[in-house]
**Q** 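Quick one: structure below, then a few questions.
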Amino acid sequence: MYDVIIIGSGPAGLTAGIYTARANLKTLCIAGNIWGGQLMQTTLVENYPGFPEGIQGPDLMLNMRKQAEKMGVEIIDQDVTRVDFSKLPHEVYVSDVSYESHATIIATGAEFKWLGFPNEQKLIGRGVSACATCDAAFFKDKKVVVVGGGDSAMEEALYLTKFASEVIVIHRRDVFRASHIMQERVRAHPKIKIMFNTVVTDVLGENKVEGIVTTTGNIVCDGLFVAIGHTPATKIFENQIKLDAKGYALREQEARGIFIAGDVHDHKYRQAITAAGYGCEAALDAERYLSENSQHGS
Amino acid sequence: MAVINLTKSDFDEKIKSGVTLVDFWATWCGPCRAAAPVIEEMSVEYAGKIVVGKVDVDAEGPLSQKFGVMSIPTIILFKDGVEVGRQVGFAGKQGYLDLLKKCTM
């Protein structure tokens with residue numbers, strides 16, 4: 001039996017763990033088979049306070065994990081398969097193994113969104129990519145397409161210009177939703193071409209990407225970088241917690257001992273530091289909830 | 001046994017018999033840093049049963065091209081020198097254990 005189970009191990013989950021364990025609450029963090037969250041896909045993080053020279057995303061997460069473990073958080077690198085919050089204690093399942101808790105912090109974050117064609121999945125790692133910082137170097141002097149209109153699409157496009165000969169940004173609307181400064185950098189870059197009002201409908205190629213099909217015609221290219229955003233990772237919580245129409249978890253569920261932190265709820269800020277802040281809030285709320293409820297019950 | 005560094009000169013020799021798991025990686029790749037400790041762990045757990053190697057794609061461009069690696073980390077499973085499966089992107093330990101199942105040892 002745990003006082004707190006935390007599901008997720010990004011900045012929200014690990015910060016929550018640091019706080020609950022430090023408050024002497026017996027804490028289990030079910031980190032996921034692929035632990036650490038979105039920062040594990042990044043390189044230099046320049047806007048997380050406390051690191052004047054910046055810090056590599058994976059290093060930041062490794063530090064947070066070590067800090068949580070040092071405070072006494074038990075961490076298991078497996079995926080939660082099912083939860084039962086209909087009663088107390090809560091039950092959280094990893095395959096057939098069930099873990100029980102008095103309170104649960106949900107910090108599962110958001111999952112990368114693919115375009116969703118069979119050929120796209122087949123060609124991941126063969127020209128289709130979700131990570132320019134990982135893969136840009138394989139596209140030296142090649143022509144690549146970036147799909148998306150947010151800040152991450154702008155970042156991917158700008159990063160790719162270091163290697164690729166030509167970068168085409170394709171967006172389905174007539175304006176980007178990226179921040180002004182990022183848009184300006186993209187528009188001003190001589191290697192980048194922008195196509196608005198265009199939807200990518202398929203990827204061409206057998207063993208590697210050879211081109212794409214769009215609503216305004218086919219484009220020959222060597223790489224396709226997808227950056228159309230994220231969806232909240234709440235599938236396992238359907239019918240267990242309150243979700244909004246887009247699947248984001250709503251925060252007002254504390255009466256049942258359920259606390260929400262990070263990108264699984266937050267579609268507005270989505271920063272490492274805000275996720276960590278939400279993790280702290282959830283931990284303090286859980287701590288208060290547990291102390292109030294132990295006075296009246298059990 | 002630790003993960004061995006593979007280069008163009010010894011690659012074919014090292015993978016030609018038995019089961020080999022090869023991690024294509026680079027220093028600048030975030031997810032590769034997540035994968036490295038898991039791969040290291042597997043090289044210890046499966047010591048004597050499989051060979052676990054790594055290829056630095058910066059130093060070994062032609063090797064990466066030969067196997068069509070265009071995204072890292074890419075982990076390729078070989079049996080007697082022939083590719084039997086690959087996992088692109090950090091897949092977590094379970095992902096790599098599943099990959100290993102494609103080979104009977």
Side-chain angles (χ1 to χ4, degrees), chain A residues 9 31-45 55-62 65-66 76-79 81 94-95 112 114 121-140 142 144 159 162-163 205-209 222-226, chain B residues 21-42 44-45 54-78 82-102:
Chain A
S9 57
N33 179 39
I34 301 173
W35 76 275
Q38 293 170 45
L39 279 177
M40 298 300 275
Q41 301 282 338
T42 63
T43 51
L44 193 66
V45 178
I55 181 167
Q56 295 289 323
D59 289 341
L60 180 61
M61 295 323 299
L62 207 57
R65 182 179 174 128
K66 278 186 196 153
I76 54 174
D77 290 335
Q78 284 178 303
D79 290 338
T81 44
V94 173
S95 298
F112 187 84
W114 292 100
Q121 291 302 306
K122 199 179 89 186
L123 292 170
I124 290 173
R126 297 177 184 270
V128 173
S129 173
C131 177
T133 52
C134 307
D135 302 338
F138 296 108
F139 296 87
K140 196 163 170 15
K142 298 199 166 158
V144 297
Y159 194 86
K162 294 182 190 179
F163 300 93
E206 270 306 307
N207 296 311
K208 66 183 192 66
V209 171
D222 306 291
L224 175 69
F225 287 76
V226 181
Chain B
L21 203 59
V22 183
D23 173 14
F24 289 80
W25 72 289
T27 49
W28 37 262
C29 153
C32 298
R33 300 161 76 118
V38 176
I39 299 298
E40 187 82 43
E41 213 175 290
M42 289 178 68
V44 175
E45 276 172 32
K54 59 178 178 179
V55 172
D56 178 347
V57 298
D58 280 339
E60 302 292 336
L63 259 187
S64 318
Q65 276 162 25
K66 183 179 169 190
F67 293 102
V69 173
M70 294 174 84
S71 187
I72 48 174
T74 289
I75 314 288
I76 304 183
L77 179 69
F78 296 94
V82 181
E83 175 175 343
V84 288
R86 66 170 67 192
Q87 181 74 55
V88 178
F90 177 48
K93 190 165 183 188
Q94 195 55 51
Y96 299 132
L97 291 175
D98 289 345
L99 178 63
L100 262 191
K101 285 179 194 154
K102 293 187 177 176

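Reminder, nothing fancy here: chain letters follow the sequence lines and each chain counts from 1. This one's a predicted model, so the numbers in the text were calculated from it and none came from an experiment.
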**Q** Shortest non-hydrogen contact from A:Phe138 to B:Ile72?
**A**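 For A:Phe138 and B:Ile72, the tightest heavy-atom pair comes out as CZ-CG2, 3.8 Å.
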**Q** Please name all residues satisfying ring pair (Phe, Tyr, Trp, His ring centres under 6.0 Å) with A:Phe139, sequence neighbours left out, ordered by chain then number.
**A**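 Ring pair (Phe, Tyr, Trp, His ring centres under 6.0 Å) check on A:Phe139 returns A:Phe225.
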**Q** So what's closer than 4.5 Å to chain B heavy atoms on A:Asp59: side chain, backbone, both or neither?
**A** side chain
**Q** Which residue out of B:Pro31, B:Pro73, B:Cys32 racks up the most heavy-atom pairs below 4.5 Å with chain A?
**A**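 Max contact count across the listed options: B:Pro31.
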**Q** Which residues in residues 62-70 of chain B have any heavy atom lying under 4.5 Å from a heavy atom of chain A?
**A** B:Gly68, B:Val69, B:Met70
**Q** Please, which pairs that meet salt bridge (Lys or Arg N to Asp or Glu O under 4.0 Å) have at least one residue in residues 122-139 of chain A, sequence neighbours excluded?
**A**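 Counting only pairs at least two positions apart or across chains, the salt bridge (Lys or Arg N to Asp or Glu O under 4.0 Å) contacts touching residues 122-139 of chain A are A:Lys122-A:Glu206.
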**Q** What part of B:Val38 is in contact with chain A, defined as an atom under 4.5 angstrom from a non-hydrogen atom: side chain, backbone, both or neither?
**A** neither
**Q** Which bit of B:Ala91 is near chain A, if near means a heavy-atom gap under 4.5 Å: side chain, backbone, both or neither?
**A** backbone
**Q** Considering only heavy atoms and a distance below 4.5 Å, find which of A:Gly57, A:Ala137, A:Gly32, A:Gly125 pairs most often with chain B.
**A** A:Gly125
**Q** Can you run down the salt bridge (Lys or Arg N to Asp or Glu O under 4.0 Å) pairs that involve residues 90-100 of chain B, sequence neighbours left out, and say none if there aren't any?
**A**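 For residues 90-100 of chain B: B:Glu41-B:Lys93, B:Glu45-B:Lys93, B:Asp98-B:Lys101.
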**Q** Closest approach of B:Val88 and A:Ile124, non-hydrogen atoms and distance?
**A** CG2-O, 4.0 Å
